[in-house]
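Let me begin by presenting the structure, written as structure tokens, before commenting on it.
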Amino acid sequence: MITSQQKNGSSKSSRRTMRIGYLIGIILTILFGLSSRKFSQLLPVFLAENAGDVLWAMMVYFGFRFLLVRKSFPTAITLSLLFSYGIEFSQLYQAIWINHLRSTLLGSLILGKGFLAVDLFRYAAGIIFATILDQMMLMYTHRK
């Protein structure tokens with residue numbers, strides 16, 4: 001007979017394992033994203049133009065899954081879209097102080113520089129792709 005303490009411990013262990021997986025996803029996605037910028041001349045034009053934003057949105061998704069590991073896929077998708085779209089629409093605001101932040105490397109990586117409607121599609125694609133990867137990995141790990 002499994003006690004509630006054993007079930008709780010197993011649940012905590014499972015969440016910890018999931019968080020580690022999402023952290024690895026975040027780190028790999030950041031590395032791929034930075035690489036897609038640094039080595040863009042080596043990539044096909046389509047990838048060079050789109051990979052950075054797609055990967056950025058994937059990182060956002062994995063970040064929400066890391067923070068909210070108990071929440072559902074729709075919650076993670078919704079929060080990821082709201083966050084990504086919020087950042088993109090914030091680029092319409094061009095005050096001196098925020099443009100100063102955007103002129104730094106970290107500021108430009110997080111806040112971007114200027115609004116592009118096509119980025120909204122790139123973010124959606126990245127979040128959908130991350131969700132599919134997430135579901136595949138969860139199915140794979142639960143079969144073991």
Within one Ile-Leu-Val-Met-Phe-Trp-Tyr cluster: [X] and [Y], side-chain cutoff 4.5 Å:
X	Y	result
Phe89	Trp97	yes
Val54	Ile110	yes
Met58	Ile20	yes
Leu31	Leu133	yes
Ile87	Leu92	yes

Requested in this report: Please indicate whether Phe32 has more than 12 foreign heavy atoms, meaning atoms of other residues, nucleotides or ligands, lying under 6.0 Å from its CZ.
Outcome: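 Open: at most 12 neighbouring heavy atoms sit under 6.0 Å from CZ of Phe32.
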Query raised in the report: Counting only heavy atoms not in Phe73, do more than 12 sit closer than 6.0 Å to its CZ atom?
Result: yes
Minimal non-hydrogen separation, [X] against [Y], with atom names:
X	Y	result
Leu43	Leu47	CB-CB, 4.2 Å
Gly63	Ile26	CA-CD1, 3.7 Å
Arg102	Tyr93	NH1-O, 2.8 Å
Thr141	Leu138	OG1-O, 3.2 Å
Val60	Ser84	CG1-OG, 4.0 Å
Leu81	Ala124	CD2-CA, 4.1 Å

With a 4.5 Å cut-off on side-chain heavy atoms, are [Y] and [X] touching?
X	Y	value
Phe83	Tyr61	no
Phe62	Leu28	no
Arg70	Arg15	yes
Leu111	Ile98	yes
Arg19	Ser14	no

[X]: which other cluster members, linking ILVMFWY side chains closer than 4.5 Å, directly or transitively?
X	result
Leu116	Val118
Ile132	Ile128, Met136
Phe46	none

Query - Any side-chain donor near an acceptor of the partner, Thr75 and Ser72, under 3.5 Å - result: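 Ser72 and Thr75 do have a side-chain donor-acceptor pair below 3.5 Å.
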Whether the side chain of [X] engages the backbone of [Y] through a donor-acceptor N/O pair (distance < 3.5 Å, no angle test) should be reported.
X	Y	value
Arg65	Lys71	yes
Trp56	Leu109	yes
Gln94	Asn99	no

For the atom pair [atom1] ([X]) and [atom2] ([Y]), what is the distance rounded to the nearest 0.5 Å?
X	Y	atom1	atom2	answer
Thr29	Ile24	OG1	CD1	11.0 Å
Glu49	Ser40	CD	OG	10.0 Å
Tyr85	Asp119	OH	CG	10.0 Å
Leu42	Ser36	CG	OG	11.5 Å
Ser90	Phe115	OG	CZ	10.5 Å

